[in-house]
Amino acid sequence: MQIVWFRKDLRIHDNPALTLACQNGPVTAVYFVTPLQWQQHDVAPIQIDFIEKSINQLAYSLATLGIELIVETVDLFDDIPDALATLCKKLNASQVFANSEVEVDEINRDIKVQQQGIDLQIFQADCILNPGQVLTQQGTMFKVFTPFKINWLKQVQALDLSPYCKPAAQNAASEIIIPTAFTIDRPKKDSAYWLASEDAAQTHLVDFLDQFVEYYHLKRDFPAKQATSMLSPYLALGLISTKQCLHALLLRFPDALDNAKNGVSTWVNELVWREFYRHIMVLNPNLGKGDNYNKLGNQIQWQNDPKLFKAWCEGKTGYPLVDAAMQQLIQTGWMHNRLRMVCASFLTKHLLIDWRWGERFFKQHLIDGDLASNNGGWQWAASTGCDAQPYFRIFNPIIQSQKFDPNGQFISIYNQALAHLSDKQIHFPVNPIVEHKVARLTALQLFSVLKKG
DNA sequence: TCGAGCTTGAG
DNA sequence: TCAAGCTCG
């Protein structure tokens, strides 16, 4: 008997741990619910709801393969080695199969499991190219995205991207035992807008590839348009893999890896950014503990005014686009990528609040909360990250609004009181908590500690 | 060594 | 126009 331990890979397709375990004989699956750990990791209630629905769906999918999914609740990652050892004993299992994760606590958890004497086999399915596999000629991690991407594309072009097949059913012709629904006993926020299944993820992907990807580079920056893939919640929990995404993309657009300037390659870029941030995280584990990537960032004198932070959290900064974006996050658990940049820039550069505060707040509300991507994005905006925004580049929230929500269509969704304003008027702040020009100059001074040379 | 090339702009 | 540099080959 083998155990397949599911973590952030809640899928039966393109899942090497599952497929390879099944090749070795009978399999039982396990998922550990870790409420206290999730609390420490600021997992959003809406993501917990999405996890609950996803594991119930996974249990059903596994049942169709004749595999039982045991869902066990413990407090912390630290409790898993014992729990897993007990389970191995009970099932008389010789090996545990799992897919790798990139975060430091997760990696340490796996080490502790192995130290417990459990034969834990770890497979790589989180990235298309494994962390540490995309390096400069000096053997170091790239510090700039573009050369990383060039190297990544080169390697991927030589790769077979066929996803792993789902395993064959274990006991043919056996009846499907419909598993009892599992409930996670934690505060939850309804995630029903996002159907929690592999099928739903595939539908999002197909719709995106059929209808949107060709215009992605032209439309993706406009939050009022439906133009992005909407795959982030699925990628965050592994209901779909980036390999599946790229494979499907290449079937439709065989020259997708050619580094052109079109919608297809712009979207490939996004997948590569995801990998870039994951590689950085594995090679710099302390990023997961709040370290600035750029140590000069330690010298930034954050002002951290709680009143300003509260206003930002509640979408009451006075800047219509920022406030609408924060409402989108609070109400739906998701925020358009362009707006994440605008809000992150505003918090760090206009309000001079530590990016970690914003990172945490986002994590607490995002259905697609993912440490590497969230941290990478925040440190990009705060100019402390790897290949980050230069510190002197400060988004003007009014110009961003004029450019990317020209008719105020997005703003109007979340602030009907402004809907009657003209296209010209709607972008301007009403009782702003800080004035752009003043804030900009202060930020330039405070952030000048990042000046190089 | 040196030069090409820099995600998501702003005053 | 400017760009408060630097990475990578």
Side-chain angles (χ1 to χ4, degrees), chain A residues 134-155 215-223 225 227-229 232 259-277 279-280 283 293-297 299-300 319 321-322 325 335-346 348-350 355 373-374 376-406 410 427-428 435-453:
Chain A
V134 183
L135 300 172
T136 66
Q137 289 182 339
Q138 287 73 46
T140 56
M141 175 61 194
F142 285 94
K143 290 179 174 158
V144 172
F145 174 75
T146 307
F148 174 89
K149 182 186 77 177
I150 292 167
N151 188 305
W152 189 94
L153 288 172
K154 207 172 174 182
Q155 292 197 52
Y215 310 102
Y216 182 68
H217 60 313
L218 302 174
K219 297 187 176 176
R220 62 163 182 159
D221 274 319
F222 298 87
K225 289 191 202 302
T228 62
S229 75
S232 55
N259 199 15
K261 277 204 170 165
N262 53 39
V264 172
S265 58
T266 304
W267 192 58
V268 170
N269 251 16
E270 295 304 313
L271 298 179
V272 184
W273 270 101
R274 179 178 183 277
E275 304 235 333
F276 183 60
Y277 284 142
H279 287 212
I280 292 169
L283 274 60
Y293 175 87
N294 178 356
K295 297 298 172 226
L296 290 174
Q299 295 173 37
I300 299 170
Y319 286 83
L321 187 64
V322 174
M335 194 195 289
H336 187 277
N337 177 255
R338 162 66 52 180
L339 301 177
R340 296 189 198 199
M341 292 190 281
V342 171
C343 289
S345 177
F346 192 85
T348 53
K349 303 222 166 134
H350 285 77
W355 60 264
S373 298
N374 194 37
W378 272 96
Q379 295 220 52
W380 179 86
S383 299
T384 61
C386 185
D387 205 7
Q389 164 108 302
Y391 77 88
F392 49 84
R393 192 169 284 175
I394 296 165
F395 277 12
N396 181 327
I398 301 160
I399 293 178
Q400 289 285 316
S401 186
Q402 292 164 335
K403 267 191 185 166
F404 300 116
D405 190 28
F410 177 80
H427 310 288
F428 289 94
E435 204 274 316
H436 170 68
K437 268 189 186 167
V438 179
R440 178 179 169 274
L441 290 172
T442 317
L444 280 173
Q445 267 196 333
L446 237 69
F447 277 80
S448 66
V449 295
L450 295 176
K451 200 181 290 192
K452 318 207 173 172

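Convention: sequence-line order gives letters A, B, ...; per-chain numbering from 1.
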For this session: Step through it carefully: locate the ring centre of His279(A), locate the ring centre of Phe148(A), and say whether they are under 6.0 Å apart.
Result: yes
Exercise. Contact class for Phe142(A) vs. all strands (heavy atom < 4.0 Å): base, sugar-phosphate, or nothing?
Worked result: sugar-phosphate
For this session: May I ask you to say what His436(A) touches in the nucleic acid, namely base, sugar-phosphate or nothing, with a heavy-atom cut-off under 4.0 Å?
Result: sugar-phosphate
Exercise. So what does Gln389(A) touch, heavy atoms closer than 4.0 Å: a base, only the sugar-phosphate, or nothing?
Worked result: nothing
Exercise. Which is true for Asn269(A) with a 4.0 Å heavy-atom rule: it touches a base, it touches only sugar-phosphate, or it touches nothing?
Worked result: nothing
For this session: Give a yes-or-no answer on whether the side chains of Lys143(A) and Thr136(A) include a donor-acceptor pair shorter than 3.5 Å.
Result: no
Problem set entry | Separation of dC8(C) P from Lys154(A) NZ (nearest whole Å) | 15 Å
Problem set entry | Lys/Arg cation over aromatic Phe395(A): Lys349(A), 6.0 Å, 45° cone | no
Exercise. Could one point to a donor on the side chain of Arg220(A) or the base of dT7(B) with an acceptor on the other under 3.5 Å away?
Worked result: yes
Problem set entry | Base-pairing assignment for dC8(C) (Watson-Crick or G-U wobble, both under 3.5 Å) | dG3(B)
For this session: Calculate the interatomic distance between Gln402(A) atom CD and dA10(B) atom P; express it in whole Å.
Result: 10 Å
For this session: Output yes when at least one side-chain N/O atom of Arg338(A) is less than 4.0 Å from OP1 or OP2 of dG9(B), else no.
Result: yes
Problem set entry | Pair partner, dT8(B) [Watson-Crick or wobble, under 3.5 Å] | none
For this session: Output yes if the stacking criterion (under 5.5 Å between centres, under 30° between planes) is met for Trp273(A) over the base of dT7(B), else no.
Result: yes
For this session: Assign Leu450(A) to base, sugar-phosphate, or nothing according to its heavy-atom contacts below 4.0 angstrom with the strands shown.
Result: nothing
For this session: Answer with base, sugar-phosphate or nothing: what part of the nucleic acid does Lys403(A) contact at a heavy-atom distance below 4.0 Å?
Result: sugar-phosphate
Exercise. Could you give the CD1-to-P distance, from Ile399(A) to dT8(B), as a whole number of Å?
Worked result: 15 Å
Problem set entry | Side chain of Phe404(A) - closest among dC8(C), dG9(B), dA4(C) | dG9(B)
Problem set entry | For the student: nearest non-hydrogen atoms of Ala325(A) and Leu339(A), plus distance | CB-CB, 3.7 Å
For this session: State whether the distance check finds a donor on one side and an acceptor on the other, under 3.5 Å, for side chain Trp380(A) versus base dT7(B).
Result: no
Exercise. How are the rings of Trp273(A) and Phe145(A) set to each other: parallel, tilted or perpendicular (split at 30° and 60°)?
Worked result: parallel
Exercise. Are any of Gln400(A)'s side-chain N or O atoms less than 4.0 Å away from OP1 or OP2 of dA10(B)?
Worked result: yes
Exercise. Atom CG of Asn151(A) to atom P of dC8(C): distance rounded to whole Å?
Worked result: 11 Å
Exercise. Has Lys295(A) got more than 12 heavy atoms of other residues, nucleotides or ligands less than 6.0 Å from its NZ?
Worked result: yes
Problem set entry | Lys143(A) NZ - dT7(C) P separation (whole Å) | 6 Å
For this session: Could you measure between the two P atoms, the one in dT7(B) and the one in dC2(C), and give it in whole Å?
Result: 22 Å
Exercise. How close or far is atom P of dC2(C) from atom CZ of Arg393(A), stated in whole angstroms?
Worked result: 15 Å
For this session: Could you tell me whether the phosphate oxygens of dT7(B), OP1 or OP2, come under 4.0 Å of any side-chain nitrogen or oxygen in Thr146(A)?
Result: yes
Exercise. Between Met341(A) (CE) and dG9(B) (C1'), how many Å, whole number?
Worked result: 11 Å
Problem set entry | Presence of Asn396(A) side-chain N/O under 4.0 Å of dG9(B) phosphate oxygens OP1/OP2 | no
Exercise. Roughly how far apart, to the nearest Å, are dC6(C) and dG9(B) at atom P?
Worked result: 23 Å
Seminar exercise, completed: When rounded to whole Å, the CE to C1' distance for the pair Met141(A) and dT7(C) reads 13 Å
